[in-house]
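Model, not experiment: these values are computed from the prediction.
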Amino acid sequence: MMNEHRYRWRNRQLREHVSVMDGHITPTIVLMNATYLNVYMKRWMEAHIWIYDDRIIYVGEELPEENNAIEYVDCSERYLVPGYIEPHSHPFQLYNPHRLAQYASQTGTTTLINDNLVLLFLLETKKAFSLMEDLNDLPVSLYWWSRFDSQSALQEKDALLSDRQVMDWLNHDAVLQGGELTCWPSVLKDDDHVLHWMQEAKRSRKPVEGHFPGASERTLTKMKLLGTDGDHEAMNGKEVWDRLRLGYTVALRYSSIRPDLPKLVQEMKEIGVEVYDRLMFTTDGSTPSFYEQGMIDTCISIALEQGIPEVEAYCMSSYNVAKHFGMEHRIGSIGPGRVAHINFLDAKDQPTPVSVLAKGKWVKDRGENKQVGDEFDWQKHELGPLQLDWELTDKDLQFSLPLGLEMVNDVILKPYPIQTELSGNEVNAEDEAFLMLMDRDGEWKVNSLLKGFTTSLGGLVSSYSNTGDIIVIGKNKEDMRLAFERMKEIGGGIVLSHHGHIIYELPLPIQGMMSDMPMESLIEKAKEYQRIVEEHGFPFGDPVYTLLFLSSTHLPFIRITPKGIMDVKKKEVLFPAIMR
């Protein structure tokens, strides 16, 4: 079996592929009478397609010599398009990369380009690379980014992102880009460390991904001068236009927190965007239930409904992405030499495939899930259940800060003065709750109040967070303690308690950050979590994102971080973390 990460097949395999053309070796699969999308010509064409193992060998009018060992597939009633590519995946949003890839393949997304942030928090570099190699045995192609910042204020930042570590990641064959640049304000100001890594990414011919919500023309121009290539944060058609005009590749977003795609396409068309070669789609690490209807296939459907030409929509989901990442010789098209990622459609305007080939294997066949290799050994990679050797004490549950965090929406927080009496066992103000961020090793804590999350919930404890530390929220200290103890018992997860009873638990046995249940089951559990939290007064859209982003310093205005309560814009710690 070839190693997908090394960009190439070995010489012996290449000779075998040529021998298939010469008739000395038999193709594995022959797709006969196929109407397929030729992305180079931007037109539908007819051909027979020969596949050997994981590679497309031939696309043309010829058929190989008949042989019983060949699997012949009559494609005369199907339309074939390249497997879809998700260019901006965060594969740790309660799910894990293995389960997400399995699930995505069923709706035709056969390549994911993944954030490495959680791997930076959980594993040493060599162990992370070993994990990536084992994940490579999946039929789906998994590639990665190299982060340049932690997206929070850590007590020991250098331990997470040393120069050597970043360069090891950038130089890895499976890493296709640098970024995303959530730290762009500091890069603009004076952060030459990150600027150096950006230039190293360019030297390796790997693009740099921005993160520029609401950025002005001046800011976009400056970041282009500093080496940024793409951005996924356009929130209206004008912002798409501005990025395209300046030479950015733009990922149009349709995510659980920013389902902007219909509006983006409509406004792009009104403005007059007529060239699609530097456009692609992303679902930007949506939470599980958002994927109930699919992934990139859903984006294509929306694009088609909004009037994007079908050939362009399919190129945006495959070839455009491959070109942007310098991978068009491997993925993103149906042509000789490409990995055999192929989707089989009932109609040109129905992008959800009825059958899917991934690396030359059927992962879906006429509507039936054909996945193999259902389990993945996380324990082998030292990613077993979370084990905490410390207790939540009465002293931990003391609150005295004058400043709290008020929710503006799912993820935006603003400061507010605390006027509530905090000496008792409960928070009596209707929409306020105790809030704690605690080091997963038990060394420090940050205590405050959170306004706007719940009006009644006794306790919520989550080992799922941006930094992997423990979040505790609740109206009642005893319920908070009960939820904490249960979270410890199950080896990490999200636990809700109320009036002395556990009312919900989602085990996250992969280091307290990820579930290992199939996506279909996880989707139902995530929907149950949202329903219960909403019943207790959560007024916004996605309470999973709230947990993830409480400590994320790329969002305004105030955050609870490992360093303490932080003013994001000023980069000032207002109230430092307390050592336990």
Just wondering, more than 12 heavy atoms not from [X] lying within 6.0 Å of its [atom1]?
X      : atom1 : result
Gln387 : CD    : no
Glu430 : CD    : no
Glu534 : CD    : yes

| said: What I want to check is whether the side chains of Tyr416 and Glu432 have a donor and an acceptor closer together than 3.5 Å. | reply: yes
| Without hydrogens or angle criteria, can the side chains of Glu86 and Thr282 be said to hold a donor-acceptor pair below 3.5 Å? |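 Side-chain D/A pair, Glu86 to Thr282: present.
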Heavy-atom distance under 4.5 Å between the side chains of [X] and [Y], does that happen here?
X      : Y      : value
Val533 : Thr454 : no
Thr546 : Phe540 : no
Glu391 : Glu485 : yes
Leu548 : Ile257 : no

Kindly assign one of parallel, tilted or perpendicular to the pair [X] and [Y], based on the angle between their ring planes and the thresholds 30° and 60°.
X      : Y      : value
His381 : Phe376 : parallel
Phe129 : Trp169 : perpendicular
Tyr545 : Phe549 : parallel

| Cation-pi, Phe453 ring and Lys475 (6.0 angstrom, 45 degrees) |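 Judged by the rule, Lys475 and Phe453 form no cation-pi pair.
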| message | Using 0.5 Å steps for rounding, measure from the CD atom of Glu535 to the CD1 atom of Ile532. | response |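 Here the rounded value is 6.5 Å.
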